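Note sheet for the following structure.
All residue numbers in this chain count up from 1 along the given sequence. Quick caveat: nothing in here was measured; it's all calculated off a predicted structure.
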Amino acid sequence: MKESNQHVLKKVSQPGAISEPLTIDVRGKVALVTGASRGIGRATALALAHQGAAVAVHYREKTAEAGAVVAEIERGGGRAVACQADIRRPENISMLVEQTVTAFGKIDILVNNAGIVRDNFMIFMKEEEWAEVLDVDLTAAFRLMKATARIMMRQRRGRIVNVSSAAALTGDLRRANYSAAKAGLLGLTRTAARELAGSGITVNAVAPGLIDTDMTLSLDDAARAKRLAPVPLARFGTAAEVAALIVFLASDAASYMTGQVVGVDGGLHM
């Protein structure tokens with residue numbers, strides 16, 4: 001038995017027995033990125049395009065900003081199309097998916113990034129403030145996953161990356177709606193990962209911490225310092241740093257990862 005094991009080890013360690021290293025490469029893939037006119041969504045659309053993917057740049061209202069993202073991708077030799085949709089409406093989900101398939105013929109990658117906040121203390125939070133955040137941050141993601149998974153299942157391959165938040169792990173002051181939606185997104189991620197694994201589809205989530213986006217621009221120096229106090233790396237992250245992780249999860253380099261939640265938070269949770 002001992003000799004047999006040694007033979008196996010020697011055989012595995014022979015030159016050529018180890019497969020070629022995987023690269024972060026999405027060339028020839030088609031990605032739909034929601035909320036891609038600014039912030040993490042914009043950075044993700046640009047990063048995916050830089051690595052060779054065609055990108056559907058979703059937006060709700062910021063037509064000029066979305067157009068600028070498309071123009072930047074095209075200047076770099078990539079392919080992109082701007083797709084307007086209010087994803088709170090179920091019929092617009094179908095329209096958005098159809099626009100992407102019409103433009104590029106398929107969907108390989110879905111990045112559920114679109115999100116809103118309607119901050120208020122829980123005891124004062126209005127029903128509409130709760131419902132609107134859940135509709136955009138969680139229910140729309142569910143509907144998009146459902147719609148695109150059907151396409152990916154026929155292709156026998158797909159990558160879904162959901163943008164959650166560190167708030168899903170700890171809660172966040174005045175954001176019961178946002179924290180609940182982002183926490184729900186983690187449960188949805190894990191369930192979808194189990195259900196879709198047999199079809200060659202991976203589903204993962206990223207949980208950004210303090211990232212410099214439009215949501216943080218309103219913070220004064222004192223508020224920023226207070227928020228940074230528990231962060232070991234002692235700085236805000238960038239949208240590009242989150243986008244780099246999303247591109248990795250969308251690539252074949254992450255083909256053995258599914259149902260995972262990966263933090264990008266400067267060490268806030270460890």
### Check ion pair Glu132-Arg88 (N to O, under 4.0 angstrom)
yes
### Message
So that I can tick it off, tell me whether Arg38 and Glu61 are bridged by a salt bridge, with the cut-off set at under 4.0 angstrom between side-chain N and carboxylate O.
### Response
no
### Task
Indicate the atoms forming the closest heavy-atom contact of Ala31 with Leu48, along with that distance.
CB-CD1, 3.7 Å
### Message
Using every non-hydrogen atom in the two residues, find where Ala166 and Gly209 come nearest and quote the distance to one decimal.
### Response
CB-CA, 3.9 Å
### Message
Is there a path of hydrophobic side-chain contacts, each under 4.5 Å between heavy atoms of I/L/V/M/F/W/Y residues, joining Ile160 to Val30?
### Response
no
### Query
Would you call Glu195-Arg190 a salt bridge at under 4.0 Å N-O?
no
### Message
Are Phe248 and Val242 linked, directly or through intermediate hydrophobic residues, by side-chain heavy-atom contacts shorter than 4.5 Å (ILVMFWY only)?
### Response
yes
### Query
Please walk me through it: do His58 and Ile87 pass side-chain contact (heavy atoms from CB on, under 4.5 Å)?
CA-CA 10 Å; His58 162 260; Ile87 56 175; 3.6 Å; yes
### Message
Around atom CD of Glu91, are there more than 12 heavy atoms from other residues, nucleotides or ligands closer than 6.0 Å?
### Response
yes
### Query
What are the two closest heavy atoms between Phe124 and Glu129, and how far apart are they?
O-OE1, 4.3 Å
### Message
Pair Val97, Ile107 - check side-chain contact (heavy atoms from CB on, under 4.5 Å), show working.
### Response
CA-CA 8 Å; Val97 171; Ile107 299 177; 3.8 Å; yes
### Message
What verdict does the side chain to side chain donor-acceptor pair (under 3.5 Å) test give for Thr238 and Glu241, after you've listed the backbone C-alpha separation in whole Å, the side-chain angles of each residue and the deciding distance to 0.1 Å?
### Response
CA-CA 5 Å; Thr238 68; Glu241 289 171 317; 3.3 Å; yes
### Query
Side chain of Asp137, backbone of Ile116: donor and acceptor closer than 3.5 Å?
yes
### Task
Grab the two heavy atoms, one from Phe104 and one from Val81, that are nearest each other, plus how far apart they are.
CE1-CG1, 3.5 Å
### Query
Salt bridge between Asp172 and Arg174, side-chain N to carboxylate O under 4.0 Å?
no
### Message
Could you check whether atom CZ of Arg227 has more than 12 heavy atoms from other residues, nucleotides or ligands sitting under 6.0 Å from it?
### Response
no
### Query
So with a 6.0 Å cut-off around CE of Met153, is the heavy-atom count from everything else above 12?
no
### Task
Can you spot which of Leu186, Thr189, Val206 makes a side chain to side chain contact (heavy atoms under 4.5 Å, CB included) with Val261?
Leu186
### Message
Given Arg159, which partner from the list Asp108, Asn204, Asp252 fulfils the side-chain hydrogen bond (donor to acceptor under 3.5 Å, both in side chains) test?
### Response
Asp252
### Task
Report the C-alpha distance between Asn162 and Asn112 in whole Å, list the side-chain angles of each, state the deciding distance to 0.1 Å, and finish with yes or no for side chain to side chain donor-acceptor pair (under 3.5 Å).
CA-CA 5 Å; Asn162 294 321; Asn112 276 314; 2.9 Å; yes
### Message
How long is the straight-line distance from NZ of Lys126 back to CZ of Arg118, given to the nearest 0.5 Å?
### Response
12.0 Å
### Query
Say you draw a straight line from CG of Asp135 to CZ of Arg89; how long is it, rounded to the nearest 0.5 Å?
10.5 Å
### Hphob cluster co-occupancy, Val33 + Met152, side-chain heavy atoms under 4.5 angstrom
no
### Task
Please say whether more than 12 non-hydrogen atoms of neighbouring residues, nucleotides or ligands are located less than 6.0 Å from CZ in Phe236.
yes
### Query
Looking at Arg224 and Asp212, does any basic side-chain N land under 4.0 Å from a carboxylate oxygen?
yes
## Note on the structure
Heavy-atom closest pair (Met125 atom, Ala176 atom, distance to 0.1 Å) is CE-N, 4.1 Å
### Task
Please round to the nearest 0.5 Å and tell me the distance separating atom CG of Leu32 and atom NZ of Lys106.
14.0 Å
### Message
How about CG on Asp220, more than 12 heavy atoms from neighbouring residues, nucleotides or ligands closer than 6.0 Å, or not?
### Response
yes
### Task
Provide the closest heavy-atom pair for Leu96 versus Cys83 in the form atom of the first, atom of the second, distance.
CD1-CB, 3.4 Å
### Message
Run the side-chain contact (heavy atoms from CB on, under 4.5 Å) test on Leu210 and Val231 for me, step by step, so that the C-alpha distance in whole Å, both residues' side-chain angles and the decisive distance to 0.1 Å come before the verdict.
### Response
CA-CA 9 Å; Leu210 296 173; Val231 179; 3.8 Å; yes
### Query
Between Met145 and Leu188, is any pair of side-chain heavy atoms under 4.5 Å apart?
yes
